[in-house]
Amino acid sequence: MRKDANSIKEIIEKKVNYVNSLTAEKIQQLAQDQYPELLQKKEKEVQEEADFIREIIEEHNRTGRFGGKVHTRFPPEPNGWLHIGHAYSINRNYNFAVEYGGKFNLRFDDTNPLTEEEEFVDSIIKDVLWLGVDYEDRLLFASDYFDQLYEYAVQLVRKGLAYVDDSSVEVIREMRGTITEPGKESPYRNRSIEENLDLFERMKKGEFKNGEKVLRAKIDMADPNMLMRDPIVYRILHASHHRTGDKWCIYPMYDWAHGLEDSIERITHSICTLEFEVHRPLYDWYIDQLEEEEGSPIHHSQQIEFAKMNLSYMVLSKRNMRMLVEGEYVNGWDDPRMLTIAGMRRRGYTPEAIRNFSLAINFTKREKIIDMSIFEHYIREDLDKKCPRVMSVLSPLKVVITNYPNEKEEVFSVPNHPSDKSMGNREVKFTRNIYIEQEDFMENPPEDYYRLSPGKEVRLKYAYFIKCENVVKDEGTGEIKEIHCTYDSETKGGESSDGRKVQGTIHWSSSDNALEVEVRQYDRLYTKENPMETEEGKEFKDYINSDSISILKSYVEPFLKEKEPGSRFQFERNGYYVIDIVDSTKENIVFNRIITLRDSWAKK
RNA sequence: AGACCCAUCGUCUAGUGGAAGGAUACGGGACUCUGGAUCCUGUGGCAGGCGUUCAAAUCGCCUUGGGUCUGCCA
């Protein structure tokens with residue numbers, strides 16, 4: 001519908017006049033009446049953002065294609081570890097179900113006995129549950145449908161749409177043609193239906209060796225889409241399956257199995273990655289040929305493809321991650337530097353942060369490399385809310401408060417969170433000998449250095465103002481051994497009585513009451529934003545950060561001794577830390593750095 | 001080379017014919033017992049061209065750039 005310039009002008013003028021006539025109260029009133037959702041909290045808006053898949057779902061709901069139902073699924077093959085890219089897909093698929101009041105299935109796509117193992121089933125279930133998605137009682141296995149899949153294949157043969165081919169792998173490959181030339185038809189293509197039925201049954205019975213025969217769909221050897229050139233439906237694999245044992249010696253190929261699995265489960269939207277785009281015509285073709293009963297087609301799910309997620313300074317492919325593990329650049333698949341779900345769990349990332357991140361990155365068809373800072377933002381956002389604050393000294397420097405009595409000990413009650421009072425208070429002890437962070441003292445500081453230096457006064461957080469009087473050095477090396485300070489007893493709790501201000505506040509630890517722990521500081525694994533984009537004469541291994549972990553002996557508040565592995569804290573001014581769920585023991589407590597605090601000083 | 005898919009701030013994204021908005025990152029400022037958090041504010045984009053239209057990020061064509069496809073893997 002087109003409008004002419006004058007009528008547009010008129011409409012705009014009318015609107016402008018109307019808006020100008022409104023008072024602030026009236027606008028508030030209108031907003032309340034007509035757009036109450038705009039006045040709701042921000043979080044909701046973010047989740048309601050459109051993406052192209054949501055548009056498809058809504059179109060289906062309008063036309064009634066699936067009767068208004070939404071049923072999604074996550075179909076991992078149990079042959080590897082899940083990573084952040086899978087978490088993204090799981091979260092978004094699950095979110096569609098939640099959002100539209102539908103269901104979500106966890107289905108193992110276990111159609112290849114050669115590569116799949118039970119241990120991956122367990123680890124994947126654990127990962128999915130940890131992410132906080134609820135598949136209710138729908139923990140499903142493609143292998144449970146093997147009988148049905150076989151029956152469907154028989155149906156295909158009966159309709160003259162599939163045949164048994166005796167050709168070898170090499171011959172089949174040869175005859176498939178190339179992307180620019182059509183293929184040639186197999187000499188076995190026109191066997192009778194009876195012969196095909198017989199042969200297929202004998203394949204199932206185990207009368208043939210691996211590779212001796214395959215079942216192929218009869219489609220079109222000249223189709224520009226290679227996948228439509230008589231694709232293989234079943235191959236012979238004399239191998240034991242992790243769930244069906246030795247019941248089968250023929251196994252369905254992905255394209256045959258996947259759409260039918262979706263159909264059997266009444267999945268409405270089968271969401272997968274972009275490389276399956278060319279598979280969609282085949283996905284649809286298979287389903288279109290099959291009937292539940294005479295004239296009644298089977299359930300037809302809609303396959304929709306989205307672009308995989310990549311993150312800067314990281315490589316998420318199975319192959320590259322395996323290289324890191326096998327090359328011992330990291331310590332196993334659950335190494336806290338790995339973006340596997342197991343690694344992130346150990347690192348201390350929260351499922352909520354991963355979820356918020358996943359929902360912020362919409363499904364699109366455009367390839368993307370997401371800046372790590374976006375992920376980091378969601379991690380910090382969640383941790384800031386949840387983590388109790390604690391004082392730690394990572395790299396200690398000894399400080400003696402010369403005018404503080406030797407035997408004296410004071411206890412300060414300090415808040416566990418600066419803005420969340422419900423987190424309560426704890427007690428910290430203060431004594432004459434303390435540690436501060438080496439970074440918090442500079443003998444010859446630049447002008448904009450807020451922290452401690454000779455003659456300068458700073459606040460020890462929650463305690464006293466101290467002033468640096470003297471620096472004690474090793475006579476041989478010139479290295480700073482300790483510093484001597486005086487404190488102002490009138491500043492107890494950290495406020496001066498005379499209104500005097502200090503520029504800096506630093507954290508500290510009483511050396512008589514500190515708990516020594518191991519702290520593992522992690523950094524990114526790659527030095528290049530996109531390690532896959534290699535320069536001349538280099539391979540992506542050359543971009544591995546050789547300095548991605550450093551281990552410190554540090555001091556923390558003693559009460560942390562009683563905390564469980566997996567507990568997260570903010571070490572004030574240092575970052576967020578978690579007690580390692582694998583290596584930490586009562587004797588040697590190990591903290592992993594989850595992430596640093598933002599640091600606008602360090603950037604300069 | 002052929003077929004198919006994709007293209008909005010550095011990055012992630014809204015926008016679907018009627019003044020390109022948000023998030024993050026970055027810069028400035030306020031506040032602060034974390035150089036944190038919070039608040040305010042600034043910089044920054046429709047790949048290019050031609051067409052259709054009163055009007056194009058949006059529709060069409062071309063160019064450019066990127067991706068996918070030649071497993072009895074998924």
(Q) Please classify the nucleic acid contact of H279(A) as base, sugar-phosphate, or nothing, using heavy-atom distances under 4.0 Å. (A) base
(Q) Once you apply a heavy-atom cut-off of 4.0 Å, does S496(A) come out as touching a base, just sugar-phosphate, or nothing? (A) nothing
Q.
Say we look at rG10(B) and rC26(B): how far apart would their C1' atoms be, to the nearest angstrom?
A. 9 Å
Q: Between rU34(B), rC73(B), rA25(B), spot the one nearest the side chain of N112(A), thanks.
A: rC73(B)
Q. Any side-chain N or O of S600(A) under 4.0 Å from OP1/OP2 of rG36(B)?
A. yes
Q) Paired with rA20(B) by Watson-Crick or G-U wobble geometry, both distances under 3.5 Å: which nucleotide is it? A) none
(Q) Once you apply a heavy-atom cut-off of 4.0 Å, does F276(A) come out as touching a base, just sugar-phosphate, or nothing? (A) base
**Q.** Side chain of E55(A) - closest among rU34(B), rU16(B), rC69(B)
**A.** rU16(B)
Q | Distance, rounded to the nearest Å, where I172(A) contributes CD1 and rG71(B) contributes P | A | 12 Å
Q: Mind listing the residues from residues 235-243 of chain A sitting with a heavy atom below 4.0 Å of RNA chain B? Number order is fine.
A: R235(A)
Q) Considering only the P atoms, how many Å lie between rG48(B) and rG65(B), rounded to the nearest integer? A) 15 Å
Q | C1' gap between rG17(B) and rG2(B), integer Å | A | 35 Å
Q. For E305(A), which contact category applies under a 4.0 Å heavy-atom criterion: base, sugar-phosphate, or nothing?
A. nothing
Q) How far does the P atom of rU64(B) sit from the matching atom of rC72(B), given to the nearest Å? A) 34 Å
Q: Just call it for F357(A): base, sugar-phosphate, or nothing, with non-hydrogen atoms closer than 4.0 Å on any strand.
A: nothing
Q | rU58(B) to rA7(B) separation - C1' atoms, rounded to the nearest Å | A | 14 Å
(Q) Side-chain N or O of R451(A) versus OP1/OP2 of rU34(B): is the shortest distance under 4.0 Å? (A) no
Q. Base, sugar-phosphate alone, or nothing: which one does P252(A) contact when heavy atoms must sit under 4.0 Å apart?
A. sugar-phosphate
Q | Pairwise C1' distance, rA19(B) and rA56(B) [rounded to whole Å] | A | 13 Å
Q. Can you name the closest pair of heavy atoms from R568(A) and Y349(A) and give their distance?
A. NH2-O, 3.5 Å
(Q) In whole Å, measure the gap between the P atoms of rG51(B) and rU13(B) for me. (A) 33 Å
Q: Ignoring the backbone of K365(A), work out which of rC72(B), rC6(B), rG67(B) is nearest its side chain.
A: rC6(B)
Q. Contact class for I361(A) (heavy atom, under 4.0 Å): base, sugar-phosphate, or nothing?
A. sugar-phosphate
Q) In the strands shown, is rC26(B) matched to any nucleotide by a Watson-Crick or G-U wobble pair with both distances under 3.5 Å, and which? A) rG42(B)
Q) Where the side chain of D109(A) is defined as all heavy atoms beyond and including C-beta, which of rU70(B), rA14(B), rA74(B) is the nearest nucleotide? A) rA74(B)
Q | Side-chain N,O (R176(A)) to OP1/OP2 (rC72(B)) below 4.0 Å | A | yes
Q: Ignoring the backbone of R366(A), work out which of rG35(B), rC12(B), rG36(B) is nearest its side chain.
A: rC12(B)
**Q.** Exercise: identify the closest heavy-atom pair between K365(A) and A307(A)
**A.** C-CB, 3.8 Å
Q | D488(A) and R500(A), any side-chain heavy atoms less than 4.5 Å apart | A | yes
Q | Nearest listed nucleotide, side chain of V169(A), among rG71(B), rU34(B), rC72(B) | A | rC72(B)
Q) Taking O4'-C1'-N9-C4 for purines and O4'-C1'-N1-C2 for pyrimidines, is rG66(B) syn (within 90° of 0) or anti? A) anti
**Q.** Mutual orientation of the aromatic rings belonging to F357(A) and F375(A) [parallel < 30°, tilted 30-60°, perpendicular > 60°]
**A.** tilted
Q) If you look at every strand shown and take non-hydrogen atoms under 4.0 Å, does M253(A) touch a base, only sugar-phosphate, or nothing? A) sugar-phosphate
Q: Among the candidates rU13(B), rG35(B), rA74(B), find the nucleotide nearest to the side-chain atoms of W601(A).
A: rG35(B)
Q | Closest non-hydrogen atom pair between M309(A) and L316(A), with its separation | A | O-CD1, 3.6 Å
Q.
Does a side-chain N or O of T364(A) approach OP1 or OP2 of rC12(B) to a distance below 4.0 Å, or not?
A. no
Q.
Going by purine N1 to pyrimidine N3 plus the second Watson-Crick contact, or the G-U wobble pair, all under 3.5 Å, which nucleotide sits opposite rG2(B)?
A. rC69(B)
Q: Respond yes when some side-chain nitrogen or oxygen of N362(A) is under 4.0 Å from OP1 or OP2 of rA14(B), and no when none is.
A: yes
Q.
Using a heavy-atom cut-off of 4.0 Å across all strands, would you classify P76(A) as base, sugar-phosphate, or nothing?
A. nothing
Q.
Applying a 4.0 Å non-hydrogen cut-off, can you work out what I369(A) is touching in the nucleic acid: base, sugar-phosphate, or nothing?
A. sugar-phosphate
Q: Check every atom of rU24(B), rU68(B), rG36(B) against the side chain of R598(A) and return the nucleotide holding the closest atom.
A: rG36(B)
Q: Quick one: label T178(A) by what it contacts on the DNA or RNA (base, sugar-phosphate, nothing), any heavy atom closer than 4.0 Å.
A: base
Q. Does rG35(B) have OP1 or OP2 sitting under 4.0 Å from an N or O in the side chain of R573(A)?
A. yes
(Q) Can you identify which nucleotide, out of rU70(B), rG35(B), rU34(B), has its nearest atom closest to the M226(A) side chain? (A) rU70(B)
Q) Side chain of Y234(A), backbone of Y150(A): donor and acceptor closer than 3.5 Å? A) yes
Q: In sequence, state the C-alpha distance, the side-chain angles, and the governing distance for K386(A) and E352(A), and then conclude on salt bridge (Lys or Arg N to Asp or Glu O under 4.0 Å).
A: CA-CA 11 Å; K386(A) 290 179 180 162; E352(A) 292 79 7; 3.0 Å; yes
Q. Which nucleotide in the set rA25(B), rG35(B), rG2(B) lies at the smallest distance from any side-chain heavy atom of T180(A)?
A. rG2(B)
(Q) Looking at every non-hydrogen atom in both residues, tell me the closest pair between L215(A) and M203(A) and how far apart they are. (A) N-CE, 3.8 Å
Q.
Whether T111(A) contacts rA74(B) is assessed here as follows: a side-chain N or O lying under 4.0 Å from the phosphate OP1 or OP2. Is that the case?
A. yes
Q: Specify whether Y487(A) and Y464(A) have parallel, tilted or perpendicular ring planes, treating 30° as the upper limit for parallel and 60° as the lower limit for perpendicular.
A: perpendicular
Q | Protein-nucleotide distance (D255(A), atom CG; rC72(B), atom C1'), rounded to Å | A | 13 Å
(Q) What's I370(A) touching, base or sugar-phosphate or nothing? Going by heavy atoms closer than 4.0 Å. (A) sugar-phosphate
Q) Paired with rG36(B) by Watson-Crick or G-U wobble geometry, both distances under 3.5 Å: which nucleotide is it? A) none
Q: Under 4.0 Å between any heavy atoms, over every strand shown, what does R389(A) touch: base, sugar-phosphate, or nothing? Just pick one.
A: base
Q. What nucleic acid atoms does E495(A) come within less than 4.0 Å of, heavy atoms only: base, sugar-phosphate, or nothing?
A. base
Q. So does Q570(A) reach the base of rU34(B) with its side chain, donor to acceptor, closer than 3.5 Å?
A. yes
Q: Pick the P atom in rA74(B) and in rG15(B), then give their distance to the nearest Å.
A: 37 Å
Q) For H279(A) and Y283(A), what are the C-alpha separation, side-chain angles and deciding distance, and is it a ring-ring contact (aromatic ring centres under 6.0 Å, His included)? A) CA-CA 6 Å; H279(A) 293 244; Y283(A) 181 103; 9.8 Å; no
Q: Sort out the partner of rC50(B) for me: Watson-Crick or G-U wobble, both distances under 3.5 Å, none otherwise.
A: rG60(B)
Q) Do the ring planes of F306(A) and Y88(A) sit parallel (below 30°), tilted (30 to 60°) or perpendicular (above 60°)? A) perpendicular
**Q.** Heavy-atom check, side chain of I53(A) versus side chain of F96(A), under 4.5 Å
**A.** yes
